[in-house]
Amino acid sequence: AAPHVSVSNGSDAEGGAELVELKVIWNKNKYDVKFRLDGTGADLKQRIHALTGLPPAMQKVMFKGLLPEEKTLREIKVTNGAKIMVVGSTINDVLAVNTPKDAAQQEVKAEENKKEPLCRQKQHRKVLDKGKPDDVMPSVKGVQERLPTVPLSGMYNKSGGKVRLTFKLEQDQLWIGTKERTEKLPMGSIKNVVSEPIEGHEDYHMMAFQLGPTEASYYWVYWVPTQYVDAIKDTVLGKWQYF
């Protein structure tokens, strides 16, 4: 295109087109561009295409809103140093972006898992489907009891092994005992306790002790008699001294 002769009064571009310095920002890249003030938005898109390889049809060019293609930069009052944002992806980018669907689907799955009751989730079903342990402690509905002085026994852990809980209040410890070994945990190291009634056996709960920073560190115990659930939470989370 022949250079537009600028007829603006007192422009200091000598006889040629009056240029304006732009900062074109696309995809974390910055381009310093000198461009004719009397060029239109459509012209600028062509220039951006040359810079970025992004076809004009896929560009969204922003300067105080969407840049009108038919107006000149002068008309929309673009001044030196103006920032022009370009949004858009080259075909290659678009193809690259569309592949990590799995990640998105996993996130959706995680969300769905949160919504369904815990006892329906596969990892928990494995244990619950074994049924109630024969030596499970009797439960008392609608009553809050203090912790028994004997260990709570007859429960399963998530591998389906027998587990018992002993509350060593004088040492401020929770002992989680299995056939193989006893873990002695300081109460203060347990970040959280969650529990949920077991469907169809609401007088028993499944309960988890969070032993580390994330949910992956939950230690699950199944078939906790409901009357002890609150006492366990209060004890572990540090409220027992108020009884």
Side-chain angles (χ1 to χ4, degrees), residues 103 105-243:
Q105 278 163 348
Q106 278 161 358
E107 274 173 35
V108 170
K109 266 220 171 56
E111 276 305 309
E112 284 167 359
N113 280 346
K114 279 186 200 146
K115 290 185 194 76
E116 68 174 336
L118 292 166
C119 52
R120 291 202 199 139
Q121 292 179 20
K122 208 157 65 202
Q123 54 162 340
H124 302 308
R125 279 268 47 113
K126 282 200 311 244
V127 182
L128 294 172
D129 286 347
K130 293 172 62 155
K132 204 186 286 189
D134 358 323
D135 53 351
V136 73
M137 296 174 87
S139 78
V140 187
K141 263 206 182 121
V143 180
Q144 306 285 322
E145 290 191 13
R146 296 189 55 173
L147 289 173
T149 46
V150 298
L152 288 181
S153 59
M155 297 168 296
Y156 288 138
N157 62 15
K158 70 172 167 211
S159 52
K162 278 297 175 58
V163 62
R164 67 180 178 279
L165 302 176
T166 312
F167 296 89
K168 292 283 189 189
L169 299 190
E170 59 289 354
Q171 292 152 8
D172 207 20
Q173 289 180 343
L174 164 62
W175 291 11
I176 300 181
T178 56
K179 200 167 70 225
E180 296 75 43
R181 65 169 187 277
T182 298
E183 300 248 12
K184 301 181 177 180
L185 304 165
M187 300 272 192
S189 70
I190 299 171
K191 307 271 187 295
N192 194 11
V193 181
V194 293
S195 74
E196 188 180 277
I198 295 172
E199 263 183 332
H201 302 276
E202 276 74 11
D203 44 344
Y204 287 95
H205 280 232
M206 43 193 280
M207 183 177 263
F209 301 98
Q210 187 179 342
L211 307 182
T214 64
E215 293 191 4
S217 59
Y218 278 163
Y219 187 97
W220 285 97
V221 178
Y222 303 87
W223 304 101
V224 177
T226 183
Q227 69 270 27
Y228 298 131
V229 166
D230 283 353
I232 292 173
K233 287 185 176 175
D234 290 348
T235 302
V236 170
L237 299 174
K239 301 193 189 123
W240 56 271
Q241 58 269 48
Y242 305 133
F243 287 149

Scan residues 176-190 for pairs that pass salt bridge (Lys or Arg N to Asp or Glu O under 4.0 Å), counting only residues two or more places apart or in two chains. Arg181-Glu183
Rounded to the nearest 0.5 Å, how far does CG of Leu165 lie from OH of Tyr228? 12.0 Å
CA sep, side-chain torsions, deciding dist, call: Arg146, Thr235, side chain to side chain contact (heavy atoms under 4.5 Å, CB included): CA-CA 9 Å; Arg146 296 189 55 173; Thr235 302; over 6 Å; no
Taking ring-ring contact (aromatic ring centres under 6.0 Å, His included) as the cut-off, I'd like each qualifying pair that reaches into residues 118-142, sequence neighbours left out, listed once. His124-Trp220, His124-Tyr222
Correct closest heavy-atom pair for Ser217 and Gly212 would be OG-N, 2.9 Å
Check step by step if side chain to side chain contact (heavy atoms under 4.5 Å, CB included) holds for Phe209 and Leu185. CA-CA 10 Å; Phe209 301 98; Leu185 304 165; 5.9 Å; no
Distance-minimising heavy-atom pair for Asn192 and Leu237: CA-CD2, 4.0 Å
Atom NZ of Lys126 and atom NZ of Lys158: how far apart are they, to the nearest 0.5 Å? 9.0 Å
Tell me which pairs pass ring-ring contact (aromatic ring centres under 6.0 Å, His included) where either residue lies in residues 158-189, with sequence neighbours left out. none
For a quick test of reading the model, state the closest non-hydrogen atom pair linking Tyr156 to Gly131 and the distance between them. CE1-O, 3.5 Å
Ile176 vs Val221, test: side chain to side chain contact (heavy atoms under 4.5 Å, CB included). Steps then yes/no. CA-CA 10 Å; Ile176 300 181; Val221 178; 5.6 Å; no
Under the rule for side-chain hydrogen bond (donor to acceptor under 3.5 Å, both in side chains), what residues qualify as partners of Glu202, not counting sequence neighbours? none
Qualifying residues under ring-ring contact (aromatic ring centres under 6.0 Å, His included), relative to Tyr204, sequence neighbours excluded: Trp223
Please identify each residue that fulfils side-chain hydrogen bond (donor to acceptor under 3.5 Å, both in side chains) with Ser159, with sequence neighbours left out. Asn157
Where do Arg164 and Pro151 come nearest, in terms of heavy atoms and distance? CD-CB, 4.2 Å
side-chain hydrogen bond (donor to acceptor under 3.5 Å, both in side chains) filter on Asp134, not counting sequence neighbours, yields none
Please name the pair of heavy atoms, one in Ile198 and one in Met206, separated by the smallest distance, quoted to 0.1 Å. CG1-N, 3.7 Å
Which heavy atom of Ile232 sits nearest a heavy atom of Met207, and at what distance? CG2-SD, 3.7 Å
Val140 meets the side-chain contact (heavy atoms from CB on, under 4.5 Å) criterion, sequence neighbours left out, with Val143, Glu145, Gln227
Between Met187 and Leu169, does a side chain to side chain contact (heavy atoms under 4.5 Å, CB included) hold up when you go through it step by step? CA-CA 9 Å; Met187 300 272 192; Leu169 299 190; 3.9 Å; yes
Roughly how far, to the nearest 0.5 Å, is NE2 of His201 from OG1 of Thr226? 14.0 Å
Who pairs with Lys162 by side-chain hydrogen bond (donor to acceptor under 3.5 Å, both in side chains), at least two apart in sequence or on another chain? Asp135
Below 4.5 Å, heavy atoms only, C-beta onward: do Arg125 and Val127 meet side chain to side chain? no
